[in-house]
Asker: 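Got a structure here, written out as structure tokens. Questions coming.
So you know, we letter chains A, B, ... as the sequences are listed, proteins then strands, and number each from 1. The structure presented is a predicted model; accordingly, all values stated were derived computationally and were not measured.
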2 protein chains.
Amino acid sequence: MDDNVDKAVECLRHGRFVLVYDFDDRERETDMVVASEFVRPETIRTMRKDAGGLICTTASHEISEKLQLPFLVDVLACNYGSYPMLRKLAPNDIPYDTKSAFSITINHRRTFTGITDRDRAMTTSEFAKLAKYALSNGFEEAREEFGRNFRSPGHVHLLNASKQLLVARKGHTELCTALITMSGLTASATICEMMGDDGNALSKQKAKEYAKRYDLCFLEGSEIIEAWTESRKAR
Amino acid sequence: MDDNVDKAVECLRHGRFVLVYDFDDRERETDMVVASEFVRPETIRTMRKDAGGLICTTASHEISEKLQLPFLVDVLACNYGSYPMLRKLAPNDIPYDTKSAFSITINHRRTFTGITDRDRAMTTSEFAKLAKYALSNGFEEAREEFGRNFRSPGHVHLLNASKQLLVARKGHTELCTALITMSGLTASATICEMMGDDGNALSKQKAKEYAKRYDLCFLEGSEIIEAWTESRKAR
């Protein structure tokens, strides 16, 4: 495995942030990434202050299948009969991909407003626990446990990784799912897009400077794809 | 009208932020509030850095009716047949209210990723323009225009104000809708919950200090309700 990816995987295992840039010909965006199981209130605080995008939690295809997590675009499409407006809003013109990874939004049932650092940390870290439980139990148990502990809508966006990881879609959801799968942790990352102060995404240069300042790993999508391809061959 | 509310309305008309605290016996939360029509990239930057919650855009009942904006909880309920999991996730235990104001998420079709300050500013300010257009045109024209210019899912949460404003529900969505209606501007506010660095919502005391530091109006829900009730009597 690429040295850089190796280091990043080690960082994730220690609950540290890793920065993941996608590609110069895609979103040109860097996300702050952490293993969901290690999210604490301070993690959320750093993400909202230093990254500034939406705080989202990814689910591998195995997790989203176990928990019956739909893609939000499919949920909306189910409503075309009741709300014809939704058909007119169909996201048929996303500039950087064919489909967004958005699933539903959730809150843990023990949260209060759902949005504070404590609340979002509870939602994301408990989601990782649930995902772990789900992966080693049957569909029915997994879904009962999900419904007992979470409600939707909520304040944390779930993101579904595509089934054939990094084949059809190569977004941050897939890149981070590959990375966290290689780490051997529960395959859910909590991620947030890094914003620049000029109105645009934080530039790759500035994201690298941030990584340097805080001694964090900075990875490009191509490095993850290469390591992932290698790791699949090795199986 | 209460002097404080009067000043806040004047600030909104000048595109300035107003801070709105709800009630000691509800969320105990302060939101940064601005008229959607005045949102610029710097507005979004300030909200994500200084407030830190979800950046949401409200729609009065008149607007959401014109644009057929569903409540997200109803959209999910429509899917109980296709995705039985969603029924188990039903939000039947929100601690501070009976129903959340969440509608769908949107992006303007001219955005790129949808999440940058520029992109969210375009989505929110263009939504205000659309709302204004919708209010003075028929259902069909309004909805065509909506679909031509926006897609869903996106990165800005729409919030639907309840029909009888401040009767059944007294959340930030309703408080801000009342305030912006009294200002005579297009009845859409862009709002964001203010977070504290201790993991909780920013305390009322700290929110007041922030207001003082930046010379912003700070309003409590009770003041808005009083002014709103007065203004309705005066009609």
Side-chain angles (χ1 to χ4, degrees), chain A residues 27 29 41-42 45 48-49 52-54 67-70 72-76 78-79 82-96 100 102 104-107 109 111-113 115-118 121 143-144 146-148 150-155 193 195-201, chain B residues 27 29 41-42 45 48-49 52-54 67-70 72-76 78-79 82-96 100 102 104-107 109 111-113 115-118 121 143-144 146-148 150-155 193 195-201:
Chain A
E27 290 187 326
E29 188 186 85
E42 310 83 77
R45 187 177 69 211
R48 67 172 165 81
K49 288 196 155 184
L54 287 183
L67 298 179
Q68 195 178 57
L69 288 177
L72 189 50
V73 65
D74 296 333
V75 168
L76 296 178
C78 255
N79 281 263
S82 318
Y83 304 104
M85 183 66 238
L86 295 176
R87 187 193 296 273
K88 296 189 207 287
L89 295 167
N92 47 12
D93 60 346
I94 300 179
Y96 55 85
S100 89
F102 282 127
I104 54 173
T105 57
I106 57 167
N107 282 346
R109 290 197 188 271
T111 58
F112 181 58
T113 59
I115 188 64
T116 61
D117 296 346
R118 274 179 211 278
R143 293 173 189 180
E144 280 305 320
F146 189 21
R148 199 165 24 242
F150 293 84
R151 68 173 91 92
S152 177
H155 291 76
E193 307 98 333
M195 297 295 113
D197 282 348
D198 59 354
N200 301 314
Chain B
E27 290 186 327
E29 187 186 85
E42 312 84 77
R45 187 176 71 210
R48 67 173 166 81
K49 289 197 154 184
L54 288 183
L67 298 178
Q68 195 179 57
L69 289 176
L72 189 51
V73 65
D74 297 332
V75 168
L76 297 177
C78 255
N79 281 264
S82 318
Y83 304 103
M85 183 65 239
L86 295 177
R87 187 194 296 275
K88 296 189 207 287
L89 294 167
N92 47 12
D93 60 347
I94 300 179
Y96 56 84
S100 87
F102 282 126
I104 54 173
T105 56
I106 57 167
N107 282 347
R109 290 197 189 269
T111 58
F112 180 58
T113 59
I115 189 62
T116 61
D117 297 344
R118 274 178 212 279
R143 293 173 189 180
E144 281 303 320
F146 189 21
R148 197 164 25 238
F150 293 85
R151 69 174 89 96
S152 178
H155 292 76
E193 308 98 332
M195 297 294 114
D197 282 347
D198 60 354
N200 302 313

Asker: What part of Phe146(A) lies closer than 4.5 angstrom to a heavy atom of chain B: side chain, backbone, both or neither?
Answerer: both
Asker: Rounded to the nearest 0.5 Å, what's the gap from CG on Leu76(B) to CZ on Arg151(A)? Could you check?
Answerer: 13.5 Å
Asker: Heavy-atom pairs under 4.5 Å with chain A: which of Pro153(B), Gly147(B), Gly52(B) has the most?
Answerer: Pro153(B)
Asker: Step by step, work out the salt bridge (charged side-chain N to carboxylate O under 4.0 Å, His left out) result for Arg148(B) and Asp93(A).
Answerer: CA-CA 11 Å; Arg148(B) 197 164 25 238; Asp93(A) 60 346; over 6 Å; no
Asker: Which atoms of Glu29(B) are under 4.5 Å from chain A, going by heavy atoms: the side chain, the backbone, both sets, or neither?
Answerer: side chain
Asker: Tell me, side chain or backbone of Ser100(A) under 4.5 Å from chain B's heavy atoms, or both, or neither?
Answerer: side chain
Asker: Give, as side chain, backbone, both or neither, the part of Gln68(B) having an atom under 4.5 angstrom from any heavy atom of chain A.
Answerer: both
Asker: If I take atom OG1 from residue Thr111(A) and atom CD1 from residue Ile106(A), how far apart are they, to the nearest 0.5 angstrom?
Answerer: 9.5 Å
Asker: Examine whether an atom of Ile104(B) lies under 4.5 Å from a heavy atom of chain A, and if so say whether it belongs to the side chain, the backbone or both; otherwise answer neither.
Answerer: side chain
Asker: Which of the residues Ala121(B), Pro41(B), Ala90(B) is involved in the greatest number of heavy-atom pairs with chain A at under 4.5 angstrom?
Answerer: Ala90(B)
Asker: Which one wins on heavy-atom pair count under 4.5 Å against chain A: Glu42(B), Arg45(B), Glu193(B), Lys88(B)?
Answerer: Lys88(B)
Asker: When only pairs under 4.5 Å are counted, which of Arg87(A), Arg109(A), Glu144(A), His155(A) shares the most heavy-atom pairs with chain B?
Answerer: Arg109(A)
Asker: Between Asp117(B), Asn92(B), Val75(B), Thr105(B), which shows the greatest number of heavy-atom pairs under 4.5 Å with chain A?
Answerer: Val75(B)
Asker: Look at Ala201(B), Gly196(B), Ser82(B), Pro84(B) and state which one has the largest set of heavy-atom pairs under 4.5 Å with chain A.
Answerer: Pro84(B)
Asker: For chain B, find which of Leu69(A), Asn107(A), Leu89(A) contributes the most heavy-atom pairs closer than 4.5 angstrom.
Answerer: Leu89(A)
Asker: Measure Asp198(B) against the heavy atoms of chain A and call it side chain, backbone, both or neither at under 4.5 Å.
Answerer: backbone
Asker: What distance do Cys78(A) atom SG and Leu86(A) atom CG have between them, rounded to the nearest 0.5 Å?
Answerer: 11.0 Å
Asker: Only pairs of heavy atoms separated by less than 4.5 Å count here; which of Val73(A), Asp197(A), Asp74(A), Leu67(A) has the most with chain B?
Answerer: Asp197(A)
Asker: With a 4.5 angstrom heavy-atom cut-off, could you sort out which part of Arg143(B) is near chain A: side chain, backbone, both or neither?
Answerer: both
Asker: Under 4.5 Å heavy-atom distance to chain B, tell me which part of Glu27(A) shows up: side chain, backbone, both or neither.
Answerer: both
